[in-house]
Amino acid sequence: MIMSSPPLGAPAPAESAAQTPVLAPVLAIESSCDDTACAILAPDGTILAETVLSQSGHIPFGGVVPEIAARAHLAALPGQVRRTLDAAGLPAEALGAVAASTGPGLIGGLIVGAGVGKGLAVALGRPFVAVNHIEAHALTARLPGLVPGGAPFPYLLLLVSGGHCQCIAVEGVGRYRKLGGTIDDAAGEAFDKVAKMLGLGWPGGPAVEALAREGDPAPWPLPRPLHGRPGCDFSFSGLKTAVAQKLAPYDNGALPRPVAAGIAASFQNAVADIVADRVAHALDMMPDATLLVAAGGVAANGALRARLDALARARGLPFAAPPLRLCTDNAVMVGWAAIETMRARHALGLPPVDDLALLPRPRWPLDQMAARFDASAA
Ligand code: KG4
Ligand code: ZN
């Protein structure tokens, strides 16, 4: 279920312009993986323009190639910033701040995004906000209009994408606690690898989901690693190996479609079971959670969404998954995280954020984000 009935970007009821230092639109850049995305948000979160360029150069390689990604970001981004401004009908001078995903992610793309963002910020004399990509996923549910009634802290975030698989207690802006994460593959990575074994294209998640619809999972039982174990860590590599073993007898001939479909359905069920079990444990670890939020590309999976919705309902909690384009990597979430950060610092009486000196970083643990709200360090 996608809880997104009101128009996106409706003004947040509790906040007025007087309470926020964000008085002009924010331009945001996302280039941490294989999507070159740019967005402009009004101070209240209204999306004024949004552009996304999905890179196709990786398709022949069956996965993201960092060097190809960095070059494609470099080729696309300057023009894309211009087009996004044009789409919003704004001159660059109308911007109040510039933000970019500055980590974690692939370092080449991060350098391009942060470099373009910083250059624009310096040229305009506006602040630059370095945004943690995971934090941006975590705060997306709070984009005004997305979750009916808003997404008050604290809530549980399940982030399941090609690169990430973790449960995070979102306790406030800058206040995140990782409850558990994958000890091997990310969920999306498992989908992509199984898709490859089944002879499907990349990215594999949507193709596996489509094939699973016509399959009977019963003849193809698969394991559920870590199911029922304490905590909420994830593991998918044993599941992937088990799929490879089921497929081994077909190595030398064509894979019959009913076999492929049955294995796809069984694999998808196993992932949904594993994730639902891990999230149930995460909710046990976070008894004060008011909401369950799923984000990341794998949260697009219908079977998984249905399981998470049922789980939340059984706990008396609402479940929210942002619409697909805001679930996968996008720049709107980066702009919104920047707005939340600027507001939160302002509310604490801290000086406006200015991250020109902050270097892009491939790893940027979420627990380091609290430092930007530490008054003694300001
Ligand atoms: O969040 P995302 O767009 O990019 C990052 O990895 O950061 O997620 C992409 C991942 C890919 O692994 C893709 O196969 C998976 O999300 N995915 C899905 C579905 N749609 C995308 N996995 C399962 N079912 C889907 N419908
Ligand atoms: Zn992401």
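Since we're looking at a predicted model, the values are computed, not measured. Each ligand, and each atom within it, is numbered from 1 in the order the structure gives.
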Do Thr84 and Thr51 pair up side chain to side chain, a donor and an acceptor below 3.5 Å, judged on atom types alone?
yes
In the protein, N/O/S atoms that are found under 2.8 Å from the Zn ion (ligand 2), waters not counted:
His133 NE2, His137 NE2, Asp329 OD1
Does any N or O atom in Asp329 lie less than 3.5 angstrom from one in ligand 1, N or O only?
yes
Within a 6.0 Å radius of atom NZ on Lys178, are there more than 12 heavy atoms belonging to other residues, nucleotides or ligands?
yes
Using a heavy-atom cut-off of under 4.0 Å, does the side chain or the backbone of Asp192 touch ligand 1, or both, or neither?
side chain
For ligand 1, find out whether one of its N or O atoms is nearer than 3.5 Å to an N or O atom of Pro203.
no
Among protein heavy atoms, which lies nearest atom 22 (N) of ligand 1, and at what distance?
Gly205 CA, 3.3 Å
Sequence neighbours excluded, the answer for side-chain contact (heavy atoms from CB on, under 4.5 Å) partners of Arg126 is Leu124
Test: Glu189 and Lys240 ion pair at under 4.0 Å:
no
Should Cys327 be counted as touching ligand 1, given the test is an N or O pair under 3.5 Å?
no
If you measure from each non-hydrogen atom of Pro206 to ligand 1, which part falls under 4.0 Å: side chain, backbone, both or neither?
both
Within ligand 1, which atoms have a heavy atom of Phe191 less than 4.0 Å away?
22 (N), 23 (C)
Any N/O pair Glu209/ligand 1 closer than 3.5 Å
yes
Please list every donor-acceptor pair under 3.5 Å in which a side-chain atom of residues 98-114 meets a protein atom from a residue at least two apart or in another chain.
from: Ser101; atom 1: OG; to: Glu30; atom 2: OE1; distance (Å): 2.5
from: Thr102; atom 1: OG1; to: Ala100; atom 2: O; distance (Å): 2.9

Atoms of ligand 1 close to Thr328 [distance to a heavy atom under 4.0 angstrom, numbered from 1]
1 (O), 3 (O)
Using a strict cut-off of less than 4.0 Å between a Lys/Arg side-chain nitrogen and an Asp/Glu carboxylate oxygen, indicate whether Arg372 and Asp355 qualify as a salt bridge.
yes
Considering only the protein, which heavy-atom contact is closest to atom 24 (N) of ligand 1, and what is its distance?
Asn301 ND2, 3.0 Å
Side chains of Asp184 and Ser235: any donor to acceptor distance under 3.5 Å?
yes
For ligand 1, which is the ligand I care about here, please tell me if Gly297 has any N or O atom under 3.5 Å from one of the ligand's N or O atoms.
yes
Which ligand 1 atoms, with their elements, are less than 4.0 angstrom from a heavy-atom of Gly163?
6 (O)
Do me a favour and list the nearest non-hydrogen protein atom to atom 15 (C) of ligand 1 with residue, atom name and distance?
Val298 CG2, 3.9 Å
Less than 3.5 Å between some nitrogen or oxygen of His137 and one of ligand 1, yes or no?
no
Among residues two or more places apart or on two chains, list those pairs meeting ring pair (Phe, Tyr, Trp, His ring centres under 6.0 Å) that have a residue in residues 123-167.
His133-His137, Phe153-Tyr155
Nearest to atom 10 (C) of ligand 1, what protein heavy atom do you find, and at what distance?
Gly162 N, 3.5 Å
The test is salt bridge (charged side-chain N to carboxylate O under 4.0 Å, His left out); show your working for Arg175 and Asp367 and say whether it passes.
CA-CA 7 Å; Arg175 289 172 37 219; Asp367 53 16; over 6 Å; no
What atoms in ligand 1 come closer than 4.0 Å to a heavy atom of Gly188?
12 (O)
Could you report the tightest heavy-atom contact between Pro318 and Leu291, atom names first, then the distance?
O-CD1, 3.5 Å
In terms of side-chain geometry, is the basic nitrogen of Asp309 or Arg313 positioned less than 4.0 Å from the acidic oxygen of its partner?
yes
Check: Thr328 main-chain N/O paired with Asn330 side-chain donor or acceptor under 3.5 Å:
yes
Here the pair of heavy atoms bringing Tyr176 nearest to Met369 is CE1-CB, 4.1 Å
Around atom CZ of Arg71, are there more than 12 heavy atoms of other residues, nucleotides or ligands at under 6.0 Å?
no
